[in-house]
Enquirer: 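After the structure tokens below, expect a handful of questions from me.
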There are 2 protein chains.
Amino acid sequence: MTMGASKRRILEHAAAVASTDGLERVTIGRLAEDLGMSKAGLYGHFGSKERLQLETVAIGREIFRRHVIAPAEQAPAGLPRLWALCTAYLAYVAAGVFPGGDFFVTVANEYDTRTGPVHDEIAAAITIWMRRLEGVIVDAVELGHLSPCDPAQLAFEIEALLVAGNHVYHLDNDPRALELARAGIARRLEDLRTPGTPALAGWSTPERGRQEQAESLERR
Amino acid sequence: MTMGASKRRILEHAAAVASTDGLERVTIGRLAEDLGMSKAGLYGHFGSKERLQLETVAIGREIFRRHVIAPAEQAPAGLPRLWALCTAYLAYVAAGVFPGGDFFVTVANEYDTRTGPVHDEIAAAITIWMRRLEGVIVDAVELGHLSPCDPAQLAFEIEALLVAGNHVYHLDNDPRALELARAGIARRLEDLRTPGTPALAGWSTPERGRQEQAESLERR
DNA sequence: CCTACCGATCGGTAGG
DNA sequence: CCTACCGATCGGTAGG
């Protein structure tokens, strides 16, 4: 999409605000003040709050594609690409590409029980992401990397762990959440990996000392 | 907590609204209009928006305890109780106890990157829930129901699947999401179940016939 | 892009 | 519990 530099600057800031506070709090007055321009000047780029929200979702998709999808496309098809998608997602969260973590987790939770164009656009973006996961899983099975399995079930489980990693990472401000997500996905994929297929980088759980395990038991 | 009937009615409505639209949209004017009272009359019960939010979180915890924790306490300790917690959670979502699904998923996502007393109260409630999951997992291992495992890791994975089930159920308006969550948890627990321990009700995937199911259990 | 507005709604208060 | 109000902020508009 062709877009002026000013409009792009507005939308990138809007996406950053939405990732922490939600699309509802992306108000025209707040954006204008943050960016040092007038409300009416900013408003003129969009014509309605809903258009601003829809264009914010669109730029969120663009940033997600650049930081998660595109890097993983470099990996070989099948299991390596599936694992690359997972590690790229976790890296995107850890790097703070959006200050509130995964943009789509925040806005999807905000709009999951609402109706209208903004809900539909968010749901469509997530459906496309899930179809991509499922497609890469199908490839991995057809290439003999993984034992036969239900792609929708496996994609659901992987997405659940990724999203939970993002969520707990921010709620508890604890980077170990991303490690829990990585370990859960690695274990699930390891169980499905066929004998001839090599394991991948960062696959195994880092060694945990006996003391740390005992503490984990005590903490309950 | 002692509480007048009027205040309880306000808070139960506030929790219902928060589960769909978030705590931010639980405004004093909206509650007053919904309940047919004046803003000032409603406001007087709380004294500040933050107090209203904190008391809404408290009543959300009470309702969660009644619908998820208490029923599962009836099940025997160990694996049966762990499975009862999971099925009680999914039933609580499916039953629409809150119109927006799990109250805590909505508000935790809303507040995960904020600071202050409301964030802290939500984070504390979720920590207590996670500690409960971990404690029941430790019991299941000590009772010999499950092979030894990292309780924090398993609790994280179970919670991830439960929350994803709730989330996708509402985002796509598709009840199969809860079945994906149930199946994912069941498979994970089945892999950890020790030979002498019986499987539990609703354990297997429905698509599989009873015969295939029985064979599958024998094979292990 | 701007200044200057509009009616509606926000959290909160005064006074009863 | 109520009416009546406050200043701030919301999305949006008029006019340039």
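All values below come from the heavy atoms of this structure, side chains included, with hydrogens, waters and symmetry mates left out. By convention in this document, chain letters (A, B, ...) are assigned in the order of the sequence lines, proteins followed by strands, and residues within each chain are numbered from 1. Because the structure is a prediction, the values reported are computed rather than measured.
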Enquirer: Just N and O in the side chain of Y43(B): are any of them under 4.0 Å from OP1 or OP2 of dT13(C)?
Expert: yes
Enquirer: Could you tell me whether a side-chain N or O of E159(A) sits under 3.5 Å from a main-chain N or O of M130(A), the two making a donor and an acceptor?
Expert: no
Enquirer: Could you state the CZ-P distance from R30(A) to dG11(D), rounded to the nearest angstrom?
Expert: 11 Å
Enquirer: Check the distance between dT9(D)'s P and E24(B)'s CD and give it to me in whole angstrom.
Expert: 14 Å
Enquirer: Whole Å only: how far is the CG atom of L52(B) from the C1' atom of dG12(C)?
Expert: 13 Å
Enquirer: Taking any strand in view, what nucleotide pairs with dA8(D) in a Watson-Crick or G-U wobble way, both distances under 3.5 Å?
Expert: dT9(C)
Enquirer: Tell me the interatomic distance from R25(A), atom CZ, to dG11(D), atom P, rounded to whole angstroms.
Expert: 12 Å
Enquirer: Which atom pairs link the protein and nucleotides 1-3 of chain C when you take only N or O atoms and keep those under 3.5 Å?
Expert:
{"unit_1": "dC1(C)", "atom_1": "OP2", "unit_2": "S6(A)", "atom_2": "OG", "d": "2.7"}
{"unit_1": "dC2(C)", "atom_1": "OP1", "unit_2": "S38(A)", "atom_2": "N", "d": "3.3"}
{"unit_1": "dC2(C)", "atom_1": "OP2", "unit_2": "S38(A)", "atom_2": "N", "d": "2.8"}
{"unit_1": "dC2(C)", "atom_1": "OP2", "unit_2": "S38(A)", "atom_2": "OG", "d": "2.3"}
{"unit_1": "dC2(C)", "atom_1": "O5'", "unit_2": "S38(A)", "atom_2": "OG", "d": "3.3"}

Enquirer: Taking the six-membered ring for Trp, are F104(B) and W129(B) ring centroids under 6.0 Å apart?
Expert: no
Enquirer: Can you check the E33(A) CD to dT9(D) P distance for me, whole Å?
Expert: 8 Å
Enquirer: Could you tell me which nucleotide pairs with dG16(D) by Watson-Crick or G-U wobble geometry, both distances under 3.5 Å, or answer none if nothing does?
Expert: dC1(C)
Enquirer: Please check if atom CZ in R66(B) has more than 12 non-hydrogen atoms from other residues, nucleotides or ligands closer than 6.0 Å.
Expert: yes
Enquirer: Do D139(B) and H145(B) have side-chain heavy atoms sitting under 4.5 Å apart?
Expert: no
Enquirer: Does the cation-pi check pass for R61(B) over F64(B), that is, NZ or CZ under 6.0 Å from the six-membered ring centre and within 45° of its axis?
Expert: no
Enquirer: I28(A) has an atom CD1; how far is it from atom C1' of dC10(D), in whole Å?
Expert: 9 Å
Enquirer: Rounded off to whole Å, could you give me the CG-to-P distance for the L23(A) and dC10(D) pair?
Expert: 15 Å
Enquirer: Decide, yes or no, whether a salt bridge links D191(B) with R187(A) under the criterion of side-chain N to carboxylate O below 4.0 Å.
Expert: no
Enquirer: Given atom CD of E50(A) and atom C1' of dC10(D), what is their separation to the nearest angstrom?
Expert: 16 Å
Enquirer: Between R132(A) and E73(A), is the closest basic N to carboxylate O distance under 4.0 Å?
Expert: yes
